[in-house]
Amino acid sequence: MADRRRLFNGSCFADRIFCVVAKQHFSCYASFFIAMFMPIETIIQLVNFGALTSFMVLNLSVFAYFFVKKRKRDMKGFINYCLLPWLGFLVIGFVWWGFDWKTFAVGTSWMIVGVILLAFKTKGFRELPPTMREL
């Protein structure tokens with residue numbers, strides 16, 4: 001037991017069987033607690049909302065990084081880094097637009113909480129997130 005506490009520098013709660021780092025699992029516990037009171041259809045829509053939103057952001061990131069920042073603007077670059085990402089963004093956006101208002105409300109509020117936590121961890125976006133410092 002003492003070895004576990006020294007290993008995590010007191011940042012965990014421990015019992016005789018498990019030692020779980022509480023900070024990293026807060027969002028998992030919060031998600032589980034919220035999901036206990038929702039119908040399965042709403043949970044599925046929230047998972048799809050998160051997945052589709054991340055793919056929309058990925059398509060915008062490909063456009064911004066390769067076409068705008070790296071200036072890959074020949075014919076191959078235009079197709080791969082401008083046309084296809086925007087086409088993917090529009091197709092995913094069409095599917096994304098079909099969600100009901102509850103999915104938008106809960107998904108957007110959960111995303112806002114994530115951005116606030118990211119701003120806190122990066123000291124107002126002035127530092128890299130802790131997981132990206134080692135890259």
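Everything numeric in this text was worked out from a predicted model, so none of it was measured.
- A distance of 13.0 Å separates CE of M111 from CG of L118, quoted to the nearest 0.5 Å.
- Between W86 and F89, the ring-plane angle classifies as perpendicular under the 30° and 60° cut-offs.
- Here the two rings, on W101 and F104, have centers that are 6.0 Å apart or farther.
- Separating the CG atom in L87 from the CD1 atom in I79 is a distance of 12.0 Å, to the nearest 0.5 Å.
- At a threshold of 4.5 Å between side-chain heavy atoms, the hydrophobic network of Ile, Leu, Val, Met, Phe, Trp and Tyr places L90 and L58 in one connected group.
- The line from CG of L83 to CE of M75 is 10.0 Å long, rounded to the nearest 0.5 Å.
- With a 4.5 Å cut-off on side-chain heavy atoms, N48 and F99 count as touching.
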Next item on the list: Apply the test side-chain contact (heavy atoms from CB on, under 4.5 Å) to residues F49 and T108: give CA-CA distance (whole Å), side-chain angles for both, the deciding distance (0.1 Å), then the verdict.
Entry: CA-CA 9 Å; F49 177 86; T108 303; 4.0 Å; yes

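- Separating the CZ atom in R73 from the CZ atom in F78 is a distance of 11.0 Å, to the nearest 0.5 Å.
- Taking both residues in full, the closest heavy atoms of V62 and N80 are given as CG1-O, 4.4 Å, listed atom of the first, atom of the second, then distance.
- Aromatic rings of Y81 and F66 (six-membered ring for Trp) have centroids within the 6.0 Å cut-off, being under it.
- Heavy-atom neighbours of F55 CZ from other residues, nucleotides or ligands within 6.0 Å: at or below the threshold of 12.
- Atoms SG and NZ, on C82 and K72 in that order, are 14.5 Å from each other to the nearest 0.5 Å.
- Under a hydrophobic clustering in which Ile, Leu, Val, Met, Phe, Trp and Tyr are joined whenever their side-chain heavy atoms come within less than 4.5 Å, directly or via other members, L52 and F94 fall into different clusters.
- Nearest heavy atom pair, residue A119 against residue F125, reads CB-CE1, 3.5 Å.
- V47 is not connected to I40 by any chain of hydrophobic side-chain contacts under 4.5 Å among Ile, Leu, Val, Met, Phe, Trp and Tyr, and they are in different clusters.
- In the hydrophobic cluster analysis, where Ile, Leu, Val, Met, Phe, Trp and Tyr join through side-chain heavy atoms closer than 4.5 angstrom, F63 is grouped apart from V57.
- The two residues S109 and V106 make their nearest non-hydrogen contact at OG-O, 2.9 Å.
- Proximity of a side-chain donor or acceptor of T53 to a complementary backbone N or O of G50 within less than 3.5 Å is not detected.
- Checked by atom type and distance alone, the side chain of S54 pairs as donor or acceptor with a backbone atom of A51 at under 3.5 Å.
- Atom OG1 of T103 and atom CD1 of I43 lie 11.0 Å apart (nearest 0.5 Å).
- Using a 4.5 Å cut-off between side-chain heavy atoms of Ile, Leu, Val, Met, Phe, Trp and Tyr, with links allowed through other members, V95 and M56 fall into the same hydrophobic cluster.
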